[in-house]
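Structure, as structure tokens:
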Amino acid sequence: MTSVANALEQHRAAHLEELKELLRIPSISSLSEHTQDVRRCAEWLAAALERAGLEHVRVLPTEGHPVVYADWLHAGGERPTVLIYGHYDVQPVDPLELWHSPPFEPEVRDGRLYARGAVDDKGQLFVHIKAVEALLRETRSLPVNVRFLVEGEEEVGSAHLEDFIERNRDLLAADVAVISDTSLFAPDVPSITYGLRGLVYLQVDVRGPSSDLHSGSYGGSVANPAEALARIIAGLKDERGRVTVPGFYDRVRDLEEHEREQWRSLPFDEAAYTRELGVEELYGEEGYSTLERLWARPTLEVNGIWGGFIGEGSKTVLPAEAHAKISSRLVPNQDPDEIARLLAEHIERTAPRGVRVEVRRMHGGRPAVVPPDHPAMEAASRAVERGFGKSPVLIREGGSIPVVASFEVLLGAPTLLVGFGLPEGNAHAPNEWLLLDHFYAGIRTSVALLEELGRVELVTAGAGPKG
Ligand code: BES
Ligand code: MN
Ligand code: MN
């Protein structure tokens, strides 16, 4: 066993205790009462990066929550520079009563570490800090130049990150980015993700009469905003599960036959999937398999809908307004700005008469794909094989990490999505968990990845470390 591998074995318990400390900080980015906790979390991470032996550790302000930066750039200009990204903010925890242990009191049960942020994304980010620390302690060096960029606003749409990257291109210059914020295909099927969907998020406000009305005195004489909203939403898809908005599919890149074939060979058990979700049958766009619908087809979903009377008993009322949150997952080469415009125009155009409809755009992000034959992908594949003892499958996922597209556009760097979570790990839900075996395999994989990346020709003009 190498001294690094040995050190990782020795420090298993300590690594877990340290991660628990990070998980105790309630860094919920969307709730203003947690602003100080978010800041404390950034500072905790800065200290952890410092202890790991990184240099130039800084907590940098943005218009929103701070960014944490650190680097180690002594591998030499001929070695690649790797930008490791993660997010230290987490989602809210409600409904709190459904948690079996408190969300910010991490607890191990059945080999799983339960806490908000265990998998999304503190646990996965921490993997890389421990890998770099072990390499620096045991070898006094790293096989590549490394920069860390850790943000505190991913769960609220990374509103200030693109600006930050643009203003700090030199500080962030890299040949390849690494993100662990995705999943394995299944517990014993390690995976590398080469595609993510993008996102457009809208709020639709439908307004009618200037106040709620008695539905007996007025019902039948004016348009009902709740009904108008229902009609608008129902009209957005046809009976084949396809979005009816003109132009919506125009830029969608078709799946390649070899991709479809490779996905068909993945160990996907449709019956088990149906059972786990508690539905009678699956539903989606006609003509595509479940994995194709999840990974390569755009969607339109109602995230929430409200308005009118929802209290106890009954109240005969004609509501003055109704609202919905609607979002669309995007695939290559759809453009979030264009899809937002198409959706808004279509909704406004198809609005029933007698109501006013306003469509407001919230956050979003571009879809991303990494070429599976990129030399860095092959290095990642060897690293996962070393870390998990099994070669990975190539998958895409349906979620979104908008910064991947920003790295490509602003830094010219492809992103390796090497995830250690599981789809069933309850990210964003009560009882979020990370499998401890995957945490430790993740640290081994990260060590191997830095070593493997140190062996490939990646250095591109303009990237690489400064000084
Ligand atoms: N880690 C997820 C992204 C993800 C989810 C990747 C599922 C792969 C599978 C990330 O923290 C997240 O939740 N992203 C949001 C994006 C949004 C807030 C812009 C998402 O996908 O909803
Ligand atoms: Mn995440
Ligand atoms: Mn998330």
Side-chain angles (χ1 to χ4, degrees), residues 22-23 27-31 38 41 64-65 84-93 103 115-128 149-162 177-186 191-203 291 293-296 298-301 303-304 325-331 336-337 339-340 361-370 394-407 415-430 432-434 438 442:
L22 172 58
L23 292 169
S27 50
I28 304 172
S29 51
S30 65
L31 302 177
V38 174
C41 193
H65 298 302
I84 299 173
Y85 162 93
H87 63 90
Y88 66 85
D89 64 322
V90 298
Q91 287 275 339
V93 296
R116 172 57 87 231
V119 64
D120 188 10
D121 175 43
K122 289 172 175 174
Q124 297 203 61
L125 161 68
F126 199 61
V127 154
H128 296 288
L149 169 67
V150 191
E151 74 155 314
E153 297 192 298
E154 198 275 347
E155 299 293 8
V156 287
S158 304
H160 307 102
L161 192 64
E162 184 138 339
V178 170
I179 302 181
S180 295
D181 194 22
T182 52
S183 297
L184 281 73
F185 186 72
S191 320
I192 292 173
T193 299
Y194 70 94
L196 290 170
R197 291 193 289 191
L199 184 68
V200 157
Y201 206 113
L202 304 172
Q203 176 163 332
L291 291 183
R293 289 168 177 171
L294 288 171
W295 296 351
T299 63
L300 192 143
E301 299 290 343
N303 301 105
K325 306 261 189 192
I326 294 177
S327 66
S328 190
R329 294 282 168 177
L330 309 179
V331 300
D337 295 330
I339 296 297
R361 181 164 173 201
M362 328 215 48
H363 61 64
R366 293 175 185 286
V369 273
V370 191
L394 276 178
I395 61 171
R396 289 212 222 167
E397 284 186 83
S400 310
I401 307 179
V403 79
V404 176
S406 309
F407 287 157
T415 298
L416 302 174
L417 295 159
V418 185
F420 309 120
L422 283 170
E424 61 269 36
N426 294 330
H428 296 198
E432 177 177 349
W433 55 273
L434 171 66
H438 290 168

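Whatever order the structure lists them in is the order used to number ligands and atoms, beginning at 1.
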- Nearest neighbour in protein (non-hydrogen) for atom 15 (C) of ligand 1: S400 O, 3.7 Å
- Is it the case that S406 and E162 place a side-chain donor and acceptor less than 3.5 Å from each other? yes
- Message: Restricting to N, O or S, what is the name of the atom of D120 that lies nearest the Mn ion (ligand 2)?
- Response: OD1
- Query: Quick one: nearest non-hydrogen protein atom to atom 10 (C) of ligand 1, plus distance?
  - Reply: E154 OE2, 3.1 Å
- Item | Closest protein heavy atom to atom 8 (C) of ligand 1, given as residue, atom name and distance to 0.1 Å | E397 OE1, 3.5 Å
- Is the shortest heavy-atom distance from the side chain of V178 to the side chain of H128 under 4.5 Å? yes
- Heavy-atom donor-acceptor pair, S27 side chain to Y88 backbone, under 3.5 Å: yes
- Query: If only atom types and distance count, is the side chain of R116 paired as donor or acceptor with the main-chain N or O of P92 below 3.5 Å?
  - Reply: yes
- Task: Would you tell me whether E151 and H160 have side-chain atoms, one donor and one acceptor, within less than 3.5 Å of each other?
- Result: no
- Item | Taking atom 7 (C) of ligand 1 as the reference point, the nearest protein heavy atom with its distance | G399 CA, 3.8 Å
- Item | H363 N/O under 3.5 Å from ligand 1 N/O | no
- Would one find an N or O of Q91, backbone or side chain, under 3.5 Å from an N or O of ligand 1? no
- Tell me whether D181 has at least one N, O or S atom under 2.8 Å from the Mn ion (ligand 3). no
- Query: Which of the numbered atoms in ligand 1 are below 4.0 angstrom from a heavy atom of I401?
  - Reply: 3 (C)
- Task: Could you tell me whether some N/O pair between R329 and ligand 1 is separated by less than 3.5 angstrom?
- Result: yes
- Return the minimal non-hydrogen interatomic distance between K122 and V90, and the atom names on each side. CE-CG1, 4.0 Å
- Message: Donor-acceptor pair, distance only, cut-off 3.5 Å: does the side chain of R396 make one with the backbone of L291?
- Response: no
- Query: For ligand 1, which atoms, with element, lie under 4.0 Å from some heavy atom of H87?
  - Reply: 11 (O)
- Query: Does a side-chain heavy-atom distance below 4.5 Å link K325 with M362?
  - Reply: yes
- Does some non-hydrogen atom of H428 fall short of 4.0 Å from ligand 1? yes
- Identify, for atom 2 (C) of ligand 1, the protein heavy atom at the shortest distance, and state residue, atom and that distance. D181 OD2, 3.8 Å
- Of all N/O/S atoms in H428, which lies nearest to the Mn ion (ligand 3)? NE2
- Message: Quick check: F420 with H438 (ring centres under 6.0 Å apart)?
- Response: no
- Message: Pairing donors with acceptors under 3.5 angstrom, does anything connect the side chains of D181 and H87?
- Response: yes
- What N, O or S atom of E155 is found closest to the Mn ion (ligand 3)? OE2
